[in-house]
Amino acid sequence: MLECLRLHPIAPAMTRTVTQDFDFAGYRVPQGRRVIVGTTVSHGLEACFTDPDTFDPDRFAPGRMEHRRPGAFAPYGLGPHICAGSGMAEGLIMLNLAAILRTLDLRGDPTYVLREVARPTATPDDRLTLRVTGVRHPAVSLLA
Ligand code: HEM
């Protein structure tokens, strides 16, 4: 789940309105200017993640913990308005995934190549399909 949030963050950036003039990378940014802060740009940097384009969930495992490098991992934003529900989100995602995988047999299309579209944030395009090939526990079926 964390590797999906790294490679395909739901909230890749944050918008802010500048309250005080400041300088950044040689540019003067004036008060009142709307800015987009690319909070997850670091997710794709080799300085932060080894072989960043590769799907590699083990990078979060004890011993590697690449996401703990300072400034590396920010799927929930940064600063005083960092997501207040990140723990709940992770619990719910894991719970729902576990319930779906325990209940259903699923088959994906092995020929599908992920293409992201913006709606408004990144999501797989309509060609992504998951076929239900069996129900393992009808009594607790999620389809009911
Ligand atoms: C994977 C799921 C989620 C992601 C990726 C996510 C991401 C974010 C991000 C990036 C922000 C910062 C927005 C900003 O600074 O402009 C944020 C703020 C917030 N999120 Fe989430 N969020 C998720 C789920 C949730 C859930 C489940 C809840 C509540 C149960 C929640 C509640 C909040 C709240 C209340 C804020 C505003 C915090 C503040 O302004 O101080 N989020 N979230």
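We count ligands from 1, going down the list as the structure has it; atoms in each ligand are counted the same way.
- Taking every non-hydrogen atom of Pro75 and a distance limit under 4.0 Å, the qualifying atoms of ligand 1 come out as 5 (C), 7 (C), 10 (C).
- In this model, no donor atom of one side chain and acceptor atom of the other lie less than 3.5 Å apart for Arg136 and Thr103.
- Near Ile10, meaning under 4.0 Å from any of its heavy atoms, are these atoms of ligand 1: 1 (C).
- Residue Gly77 has at least one heavy-atom neighbour below 4.0 Å for each of these atoms of ligand 1: 10 (C).
- Here is the list of ligand 1 atoms found below 4.0 Å of a heavy atom in Ala11: 10 (C).
- Looking only at protein heavy atoms, the nearest one to atom 30 (C) of ligand 1 is Met88 SD, 3.4 Å.
- Here the heavy atom of the protein found nearest to atom 3 (C) of ligand 1 is Tyr76 CE2, 3.8 Å.
- Around atom CZ of Arg64, more than 12 heavy atoms belonging to other residues, nucleotides or ligands sit under 6.0 Å away.
- Shown here is Arg107, whose CZ atom has no more than 12 heavy atoms of other residues, nucleotides or ligands within 6.0 Å.
- Protein heavy atom in closest approach to atom 35 (C) of ligand 1: Ala84 CB, 3.7 Å.
- In this structure the side chain of Arg131 never reaches within 4.5 angstrom of the side chain of Thr129, judged on heavy atoms.
- The environment of Met65 atom CE is dense: over 12 non-hydrogen atoms of other residues, nucleotides or ligands sit within 6.0 angstrom.
- Among protein heavy atoms, the minimum distance from atom 18 (C) of ligand 1 is reached at Cys83 CA, 3.4 Å.
- Side-chain contact between Leu5 and Met1 is present, with at least one heavy-atom pair separated by less than 4.5 Å.
- What sits closest to atom 32 (C) of ligand 1 on the protein, heavy atoms only, is Gly85 N, 3.6 Å.
- For atom 40 (O) of ligand 1, the nearest protein heavy atom (residue, atom name, distance) is His81 ND1, 2.7 Å.
- Ranking the protein heavy atoms by distance from atom 15 (O) of ligand 1 puts Arg16 NH2, 2.6 Å first.
- Taking a cutoff of 4.0 Å between a charged side-chain nitrogen and a carboxylate oxygen, Arg119 and Asp126 qualify as a salt bridge.
- You'll find the side chain of Arg127 stays beyond 4.5 Å of the side chain of Val113, heavy atoms only.
- Nearest protein neighbour of atom 2 (C) of ligand 1, counting heavy atoms only, is Ala89 CB, 3.6 Å.
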